[in-house]
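Shown below is the structure under consideration.
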Amino acid sequence: MISLRKLTKRYGSFTAVDQIDLEVPRGELFGFLGPNGAGKTTTLRMIAGILKPSGGSISIAGVDLAADPIGAKMRLGFIPDRPFIYEKLTGAEFLRFVAGLYDQEGAEVEHRARELMALFDLEEWRDELVESYSHGMRQKLIISSAFVHRPEVMVVDEPMVGLDPKATKILKDLFREYTRRGHTIMMSTHTLEVAETLCDRVAIIAKGKILACGTMPELRASAAGTGGAEGLEQIFLRLTGDNAARQLVEVLDA
Amino acid sequence: MPDAGARPDPSLELLLLPKWLTARSRAMSNEHGRGGRFTILGGIGLLFWGFIFTVLYKLLVYFRNVPDLGPFLAGKLLGLILIGFFSILLLSNIITALSSFFLAQDLDLLVAAPVDWLTLYSAKLLETAVASTWMVVLMAVPMFAAFGVAYHGGLVFPLLVVAAFVPFLVVPAVIGSAITLILVNVFPARRTRDILSVIAVLVAGGIVLLFRIVRPERLARPEGFRSLVEFVTILRTPTSPFLPSEWVQRAVLGWLNNRPDYLPLYLLWSTAAAAFVVGALLHRALYMDGFSKAQESAQRWARNHATHRIGYRVLAPLGILRRELMLKELRLFFRDTTQWSQLILLAVLVIVYVFNIKYLPLRGEGITFFLRNVIPFFNVLLAGFVLASIAARFIFPSVSLEGRTLWLLKSSPMPVRDLLWAKFWVGTLPLLILALGIIGVTNVLLQVSDFMFAVSVMTIAMMTLALCGMALGFGTLYPQFETENAAQIPTSFGGLLYMIASVALIAVVIVLEARPVYSYLSAQFYGTPTSRGEMVLGFGLAAAVCVAATLVPIGIAQRRLEAVER
């Protein structure tokens, strides 16, 4: 469903994403982990068609993004990490507008929009301008907008940031059910517990390169060879540098 | 570890440091094409200064040679300019203070930090004053220079001007900030911003109308007054003895007329100091309540089902995507008070424009057939300038304003072309109606011939399309994605380039049409035959230029926007 071939992004002499190869098949919830500045958001924004790759190719549901961007984007939904939306539209208008971008309208869209807003407790706010929404409410509205046009593939950047526990639970259930129905989700997150319990497979990226990729047992098995790590946190720290504890002592004693 | 008992006291310099560092890094950045930009901006700035200086200098030299009345006229002129400055400063300080004291992004950090109230007030007041006065200061330089040179002010004169002008700038900054402080305590900040934008526009419109009613040009024609005594009385009346503008005028003219008067300087400095103290005390009493209130949003519902249905029905033939794009543009515009309130100012400008045409003495002695038909031709030229400035205000910023939501548009399967054309038509149609309205009404007032009516209507229609296409093109080529305030976007470098390009386009079209129009009018007046080839060539070329100026910039904008990475 999502296929990355030698995907590269360079900013001048700095390489943010370095020749990534990745296959995310249909019906999989794929987790993308990495420290800040590792290249996660850049990769996801390239898949969403916002950033242009410096090299390599991206294919979404079999459609090459560079050759047929409109065709590829028709199959894609994107949830960004920062909830910037039109302040002067109401929640309902925003969902209608996003559906319109995907050439969808009518009773079915209205029904979906109403259901999604109800799911995220936004029903009372549907006719209120977005400028009066809180950060979390905006995030919920953006998540709703990504589902309103029923994409085959979903690219999600840090979905849980700013969400209350109830919304987090709903979102996890929604993601699970969505992939169970044969759709694909690629998600970046810093919450290792979410990645561990929710994702079918996980990739760990640092300095623009994928360091490890596989199911949790596969990651554990590969980590066992280098010292026997148990959880994703240990694997993550081992791969991305585990000198945090030593640094903490130095910082607090300074 | 810091001593828990000691009171931290971040200094004023520390609070201003981020602003200074930002300005410095902006000035030092070696972004591509900066040198060229600076050269163009500097050149235009110098031309502007030179123009103001020359006009004022010539006027002042003329006044100097008018016996008895000369000094009064110079004084009146300076008084008028200064009172204009004072009104502008007051208004712009009120608006700027809302951002700097209540909505700026650094406020959470500063208010949460252990910063003394007086330090915070001083820092924010200085920030407000600098942001709202720099333009007035730039205008004042050639103005005072003209006075100094025309009246031989000497080397000390610039120092005297600085001594008088600095407190003159402080007073409206303090008063403006205090007015905003009180307003924010009454309304939430977002509602205050709405109210302020309407007030600001109404005041600006009022000033323009008042200016037309007062007709300052009459002062240059004393014969229009019933008696010389009445004229002199008007000249001698001070604008208002309690206004700082009057004190600056007295200080400056006293010096220039070799009768130095230091009382106005004392008045200026003592008033500025007293205003600062009162402003600071007000700040201490009201700021925290106001700042807390500024965090509240104005609850606003939009349940306009009737307009929603009408919009859907009217735009239905465009298809789902284009209809939704256009509806979005319309909603964003009419729900943003800072945007639609500009329409009031626009209406005032149009009224003033039409009235000026109405009062043109076209029926008087010596007004020939040519003049009656040529003036409507220049009417198109002037209307073109008005339309260019409106397009700069409304269409130029439209792509920049998408900056924060570009992720949505770029990740959706929407062709960029559709977005640009939606923006083009939403901006252009009202302008087209306005343009045809202005030209139609003024043509009727001028009683022009059918030929000139047709030419001017066709020209303005084509020109409007071109000006709007260029506004969209330049706005996309020089975007200001980070600017949240739409009003600041047209004042950018790209906005300036757009205005220069617009003037060039209007000039080219007028020049291309001048020949066939002249030849037609000659044929009418003298009975000579008209050249069909000349007509087709002139009007055809003008039309081709307009079509190209509409389509080419939008095409370039499309490629640019497709390449934008955000």
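A, B, ... follow the sequence lines: proteins, then strands. Residue 1 opens every chain.
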### Task
Search all heavy atoms of A/I85 against all heavy atoms of B/W407 and return the closest pair with its distance.
CG2-CZ2, 4.1 Å

### Message
I'd like to check B/L406 versus A/I50 (side-chain heavy atoms, cut-off strictly below 4.5 Å). Are they in contact?
### Response
no

### Message
I need the single residue from B/R404, B/E402, B/R331 that forms a side chain to side chain donor-acceptor pair (under 3.5 Å) with A/Y86. Which is it?
### Response
B/E402

### Residue, of A/I47, A/L51, A/V98, that accumulates the most heavy atom pairs under 4.5 Å with chain B
A/L51

### Task
Might you confirm whether atom CD of B/E562 has over 12 heavy atoms from other residues, nucleotides or ligands at distances under 6.0 Å?
yes

### Query
CG of B/L332 to CD of A/E93: how many Å apart, nearest 0.5 Å?
9.0 Å

### Ion pair A/E131/B/R335, N-O distance below 4.0 Å
no

### Summary
From the list B/L419, B/L409, B/L327, the residue making the most non-hydrogen contacts under 4.5 Å with chain A is B/L409

#### Entry: B/L408 to A/F94 - nearest heavy-atom pair and separation
CD2-CE1, 3.6 Å

### Task
With side chain to side chain contact (heavy atoms under 4.5 Å, CB included) as the test, would you mind laying out the steps for B/E565 and A/K9 before giving the verdict?
CA-CA 12 Å; B/E565 295 193 345; A/K9 181 68 185 177; 2.6 Å; yes

### Query
With a 4.5 Å heavy-atom cut-off, do A/L101 and B/E324 have their side chains touching?
no

### Query
Out of curiosity, A/E87 CD to B/T405 OG1, how far, rounded to the nearest 0.5 Å?
10.0 Å

### Task
Find the one option among B/R322, B/K410, B/R323 whose heavy-atom pairs under 4.5 Å with chain A are most numerous.
B/K410

### Neighbour count >12 (heavy atoms, 6.0 Å) for atom CZ, A/R82
no

### Message
Pair B/I320, A/Y102 - check side chain to side chain contact (heavy atoms under 4.5 Å, CB included), show working.
### Response
CA-CA 9 Å; B/I320 304 168; A/Y102 293 80; over 6 Å; no

### Heavy-atom pairs under 4.5 Å with chain B, option from A/Q104, A/R45, A/M74, A/R96 with the top count
A/R96

